[in-house]
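What follows is one structure encoded as structure tokens, with my remarks underneath.
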Amino acid sequence: MDYGHPERAERLAADYAVGTLRGGARRRFEKLLPAHPALAAATATWTARLQLLAGQVAAVEPPASVWATIQMRLFGASDSAPSSTQSSTSTLPTPTPTQTSATTDVRPAANDRPGALRFWRGLSAVALAASVVLAVMVARPVPEAAPIVVVLRSTPEGVELVKTGFVASVSADGRALVLKPLAPVVIDAAHALELWAVPKAGAPRSLGLIAAGDVPTTVTRANLLDDTQAFAVSLEPSGGSRTGKPTGPIVSAGGI
């Protein structure tokens, strides 16, 4: 998906800022923000707009009759009267329609209705402001755990073959690795450098070929750190090892 498309970025940023982008979609969006400037800019713009709206909302004090109405509708009349009183109601005179209306109708009077309307409008505004504040808090970038840095130093044999070492930066969740050469990688066309994850026991796992020059090599794979105690670079034929295991000399290595 092209997240740099202006209309798509605006729509996603708006849904995220107001809180309608939820669940897994929201988590995926948050992971995309650091790598997509268009999404980050659109999100910042929408957050600023909603912050301005929240600042214009003023608190509203509702009339007492509104609270009485809410309490009656939620909890009804009090049931604390003794049973003897309830059993004797048949002997009481039947109230007239006027009396019934006066004693049981707890809705606010006509004069209170404009105040009630102002209250509900204010309550809606406060709810909107609360959702905006929550969206702004979520939109703030959460500090991520520091990556794990591994220095791959040249081996005695590798010093003569490849004139550089490497630095591997592995994300804290073990899903991404970036390998940077300390100097441009120079190698003839008949050979290639291959990166390996070295376990505590068993055969190394290939993580792919290393780019030539000074271009970083990026590896995206789940569980990069599982059962891995070191990273190593071997010199292989062009195209990499044909056996799935290192066949050439180890030119650089570093423990985690």
Side-chain angles (χ1 to χ4, degrees), residues 1 3-4 24-40 43 138-256:
M1 182 180 292
Y3 294 103
R26 187 176 191 87
R27 292 189 293 272
R28 287 192 297 272
F29 183 88
E30 291 171 348
K31 292 180 179 179
L32 289 171
L33 285 177
H36 293 79
L39 281 182
T43 302
V138 174
R140 292 175 179 172
V142 178
E144 297 183 357
I148 298 172
V149 178
V150 180
V151 178
L152 285 70
R153 296 180 174 86
S154 297
T155 63
E157 187 176 11
V159 171
E160 301 298 327
L161 299 173
V162 179
K163 307 298 183 181
T164 183
F166 300 87
V167 175
S169 178
V170 187
S171 61
D173 59 7
R175 296 183 179 181
L177 178 150
V178 177
L179 185 73
K180 296 181 179 180
L182 300 178
V185 176
V186 179
I187 193 167
D188 60 78
H191 294 87
L193 295 180
E194 191 163 354
L195 179 63
W196 303 87
V198 182
K200 296 180 180 179
R205 305 185 304 274
S206 175
L207 299 179
L209 299 181
I210 295 174
D214 58 358
V215 179
T217 300
T218 302
V219 178
T220 304
R221 189 174 302 180
N223 305 321
L224 280 169
L225 297 176
D226 286 4
D227 192 29
T228 300
Q229 68 173 4
F231 294 108
V233 176
S234 67
L235 183 66
E236 302 292 338
S238 178
S241 172
R242 271 70 166 176
T243 65
K245 299 178 181 180
T247 60
I250 302 298
V251 299
S252 187
I256 299 177

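The analysis underlying the following values was restricted to heavy atoms, covering all of them including side chains, and did not include hydrogens, waters or symmetry mates.
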Using 0.5 Å steps for rounding, measure from the OG1 atom of Thr218 to the NZ atom of Lys180.
9.0 Å
For Pro204, which of Ser234, Pro246, Ser241 qualifies under side-chain contact (heavy atoms from CB on, under 4.5 Å)?
Pro246
Would you say that Leu179 contacts Ile210 through its side chain, given a criterion of any heavy-atom pair below 4.5 Å between the two side chains?
yes
Are the side chain of Thr155 and the backbone N or O of Ile250 linked by a donor-acceptor pair below 3.5 Å?
yes
Gln229 to Pro199 - nearest heavy-atom pair and separation:
NE2-O, 3.6 Å
Rounded to the nearest 0.5 angstrom, the CG-CZ distance for Asn223 and Arg205 is 9.0 Å
Between side-chain atoms of residues 182-193 and protein atoms elsewhere (two or more places apart, or another chain), which donor-acceptor pairs fall under 3.5 Å?
| unit_1 | atom_1 | unit_2 | atom_2 | d |
| --- | --- | --- | --- | --- |
| Asp188 | OD1 | Ala190 | N | 2.9 |
| Asp188 | OD1 | His191 | N | 3.3 |
| Asp188 | OD1 | His191 | ND1 | 2.8 |
| Asp188 | OD2 | His191 | ND1 | 3.3 |

Closest heavy-atom pair and its distance - Gly240, Arg242:
O-NH1, 3.0 Å
Between Leu152 and Gly254, the two heavy atoms sitting closest are CG-N, 3.9 Å
Contact summary for Ser154 and Val159, nearest pair of heavy atoms:
CB-CG2, 3.8 Å
Leu161 vs Pro249 side-chain heavy atoms within contact, under 4.5 Å:
yes
Are side-chain heavy atoms of Phe166 and Leu195 found at a separation under 4.5 Å?
no
dist Leu224:CG -> Phe231:CZ (nearest 0.5 Å) comes out at 6.0 Å
Sub-4.5 Å side-chain heavy-atom contact between Ser206 and Glu194
yes
Can you tell me how far the OG1 atom of Thr247 sits from the CD atom of Glu236, to the nearest 0.5 Å?
3.5 Å
Could you tell me if the side chain of Arg175 sits less than 4.5 Å from the side chain of Thr220, heavy atoms only?
no
Does any non-hydrogen side-chain atom of Leu207 lie less than 4.5 Å from one of Thr217?
no
Which residue is it: Thr228, Leu177, Val167, Ile256? I am looking for the one with a side-chain contact (heavy atoms from CB on, under 4.5 Å) to Val150.
Ile256
